[in-house]
Amino acid sequence: MKFSLQLINSFINLNQIQFNEFKENLVLSGLEIDNIETIEKYKDTIIDINITANREEISSSFSLARETSTILNVPIKILPIKLNYKSKIEKNFNKIKNTKYTHIAYIRIVTLEEIFTKKAPDWLLNQLKINNIEENTTLNNIQKYIKIKWGQTFHITNNKEINEKKNIIQYSYLDQLFQTKEIQLIIKNTNSKSKLIIFTTINKTNNNIVLNNESNEFYENVFIDSMKLINTFIGAKIGKYNEAHQKIIIKDNNIQIRKQDINQSLGYVKGKKLQFITTHKINKILQQLQLSPKYFKTDKLFELIIPNYRANDLIRGIDIIEEIGRIYKFQNFFNEVKTHKSQGYKSRNFMQIKNIKNTLNKLGLHEVMNCCITKNIKHSLCSPQIYNPITHEYKELRTNILENLINNYEHNIKNSKNNIEIFEIGKVFSINNKSENLYIEKRHLGGLIHNSQYARNNWSNQSGNITLFHFKNIIETFLEGISSKATLKEILTTNKKTNIHFAEHLFKKNKKIGIYHTSRKQIIGIIGELNNNFINRFTNKNEKIYVFEINLNELIETTKSNNHLGYISQKYSNYPSVTRDISIKLEKYVNIETVKQTIINDNNKFIESIEILNEYHNDDKTTNNKTRYISIRITYRSKIKTLNTEDIKYIDTNLESKLKELQKTKKNM
């Protein structure tokens, strides 16, 4: 659509704004300019703007000036003239109660008599030509020009059309309020040759409400502008006009939007610090958009009233957010989404399992994952059966981890992979006959190691197979790595009860070791050598394969997380030390720690360390005397100075007294 810069400038002062700035702001706000044309004759500039479907309200010079006022935050220089309807005739055609009305529908009918048509001026015809409107009578040309300028205009009719009951007023609300029969009641006796000019509007009854540049607010301005042109370019006698109003109800279009939603959608603004748009700035932008904002501090939300000319455009909260970003300018926001690096809560169980996996990976084991649906090697009444299994082969839930690991081993051997070191963390199941639950679900940790080139005695020999001692050392290293207090002990042969969850039937009888809970002294897992009878015939029956299976939850119970360090950091002294090596004769049952503590209890600030060098026993059978001696090295050092003669003398005197005290130590000390 084409717009005249002169007409726009009649509503808003653009003289102090650079044209390039004006053009750039229109484009950045979503109004794309297709072409700019200069008309030297009228010293006017014509801007051709591509109006999108959601901005159809921009259809006149006034509406584009209103949009420019919003974008550039420049006020409209024409003030609306207040409509005085209270002294006029009130018609209540639809019988609306006076107590609940919000708006008034107003009609003004002007009679033109003895019309002498004059030619419309060239500047007016040029505006019609720019918008591809064909010339007509002068009155019709003025009507079309007012529409181009203001976005609203008057209706032209006569008594004949009224008597034929034609739909005269083409206005969405008013064509129903002021139909032909109502207009007949308003007008008085007029000449049949006279022209009737009808002006209509809808205004808010609350005069104290904030104006938002609705086109209806400028009704009187449109009327005055139209009558000036008619009086100037049409030779006609203008009679008195008739007018009436009636009260109607129109609900406001309200939208609520939370400050949090605005922050999440638009993100941070550019600046020295990461921060969102302030509430004060948002409120100012919403006022600039003529949305009459009200901010509720407790709920942290804005309540807005949508103007009628934006009712088809601003429907959802995201539409309001887009308008805020458009006015604030999107280039002032970060063009990348800032991700929050703060991690969510991670349970102790999750962290322990992660630590277990990392420790096993460091020991050279690779994690595998298998399905819980399988066919167990050893059928038992404790094996949960699946109803309607997909295949006859896989119809049970597994009771242990190791059988799946054996299948992984066989698959790798079949594909010529000789060294296999794998582990799995998964669920095992068993039927629970002691409660109403159908089965018990637990998590187990299982592993399998087969390595024919694990270690060699010296460089001249070939690498050999892993042994049970090597495997036991791997498990002990693993338990130490996860800070577990579980211990490895021999499984008593007197306990003939087998635990199906640890698959004891898969181990060789005399080559298995139990993993025990330290405090409860209960078995929580088994390690050992795999019984080769459970391996398929295409593999070597003499291969040494070592496996383990542990109850994961009970293993985690034995771990202890170190939340603090077990030592205290101190500043190292730069001054030389003095050492004293002494030999002390003690009774047989005197504890060495008691000796060290006796020396330290003196609170000698120069003592840096006490070290036990040696212990000697002398048994004299002839006299039955048993003598015990210990050698101690005491290191003295100051942190603030070099020890002088007086300090050393004090040390020797103090040490001598301590030796005499220890010589007198009795057996029961």
Side-chain angles (χ1 to χ4, degrees), residues 1-4 6-8 10-11 51 56-67 76 78 80-81 83 85 104-112 115 117-118 120-121 123-158 161-162 166-180 183 186-187 194-203 213-234 236 238 241-245 307-309:
M1 187 173 180
K2 295 181 179 180
F3 299 89
S4 168
Q6 278 187 357
L7 287 182
I8 297 171
S10 65
F11 295 105
I51 304 298
E56 292 180 351
E57 82 278 358
I58 303 178
S59 58
S60 63
S61 298
F62 170 76
S63 58
L64 183 58
R66 179 177 58 198
E67 184 67 16
I76 292 178
I78 297 178
I81 301 173
L83 174 64
Y85 65 90
I104 60 103
Y106 180 81
I107 185 170
R108 181 181 292 168
I109 304 174
V110 181
T111 305
L112 298 181
I115 298 176
T117 306
K118 296 181 182 179
W123 58 266
L124 190 149
L125 297 176
N126 184 63
Q127 291 293 334
L128 301 181
K129 184 179 179 181
I130 290 171
N131 289 276
N132 299 322
I133 298 175
E134 295 183 1
E135 293 185 25
N136 205 325
T137 63
T138 304
L139 186 59
N140 288 103
N141 291 338
I142 294 173
Q143 181 192 39
K144 301 298 182 184
Y145 169 76
I146 293 296
K147 181 70 175 178
I148 293 170
K149 182 178 179 180
W150 291 94
Q152 57 177 317
T153 188
F154 52 85
H155 309 276
I156 304 172
T157 185
N158 52 42
E161 290 181 349
I162 294 174
K166 292 184 178 180
N167 189 10
I168 300 168
I169 303 173
Q170 302 295 326
Y171 199 100
S172 60
Y173 219 112
L174 296 178
D175 59 354
Q176 298 177 4
L177 295 175
F178 297 110
Q179 296 180 0
T180 307
I183 296 176
I186 297 172
I187 62 174
S194 300
K195 291 284 186 180
L196 299 177
I197 301 176
I198 302 175
F199 294 85
T200 57
T201 187
I202 295 178
N203 268 12
N213 293 334
E214 290 271 11
S215 59
N216 288 330
E217 296 171 4
F218 293 85
Y219 167 80
E220 288 288 2
N221 303 70
V222 175
F223 174 75
I224 293 172
D225 195 6
S226 302
M227 295 310 297
K228 280 184 179 179
L229 292 174
I230 292 172
N231 190 35
T232 304
F233 299 110
I234 295 178
I238 301 175
Y241 50 82
N242 302 303
E243 52 189 341
H245 73 275
N308 290 330
Y309 62 88

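Residue pairs meeting the salt bridge (charged side-chain N to carboxylate O under 4.0 Å, His left out) criterion with at least one partner in residues 129-145, sequence neighbours excluded, do not occur; the list is empty.
With sequence neighbours left out, Thr232 forms a side-chain hydrogen bond (donor to acceptor under 3.5 Å, both in side chains) with no residue at all. By the ring-ring contact (aromatic ring centres under 6.0 Å, His included) test, Phe199 is found to be paired with Phe154, Phe223, residues two or more places apart in sequence or in another chain being considered. Judged as a side-chain contact (heavy atoms from CB on, under 4.5 Å), and not counting sequence neighbours, the contacts of Ser10 are Lys149. Partners of Glu67 by side-chain hydrogen bond (donor to acceptor under 3.5 Å, both in side chains), not counting sequence neighbours, listed by chain and number: Arg55, Arg326. Taking Tyr145 as the reference, Trp123 meet the ring-ring contact (aromatic ring centres under 6.0 Å, His included) condition, with sequence neighbours excluded. For Ser60, the side-chain contact (heavy atoms from CB on, under 4.5 Å) test picks out Phe62, Ser63, with sequence neighbours left out. Residues passing the side-chain contact (heavy atoms from CB on, under 4.5 Å) test with Ile238 are Val110, Leu112, Met227, Asn231, sequence neighbours excluded. With sequence neighbours excluded, no residue forms a side-chain hydrogen bond (donor to acceptor under 3.5 Å, both in side chains) with Asn136. Not counting sequence neighbours, the partners of Glu220 by the salt bridge (charged side-chain N to carboxylate O under 4.0 Å, His left out) test are Arg108.
In this structure, the side chains of Asn131 and Met1 come closer than 4.5 Å at one or more pairs of heavy atoms. No side-chain heavy atom of Thr201 sits less than 4.5 Å from a side-chain heavy atom of Val222.
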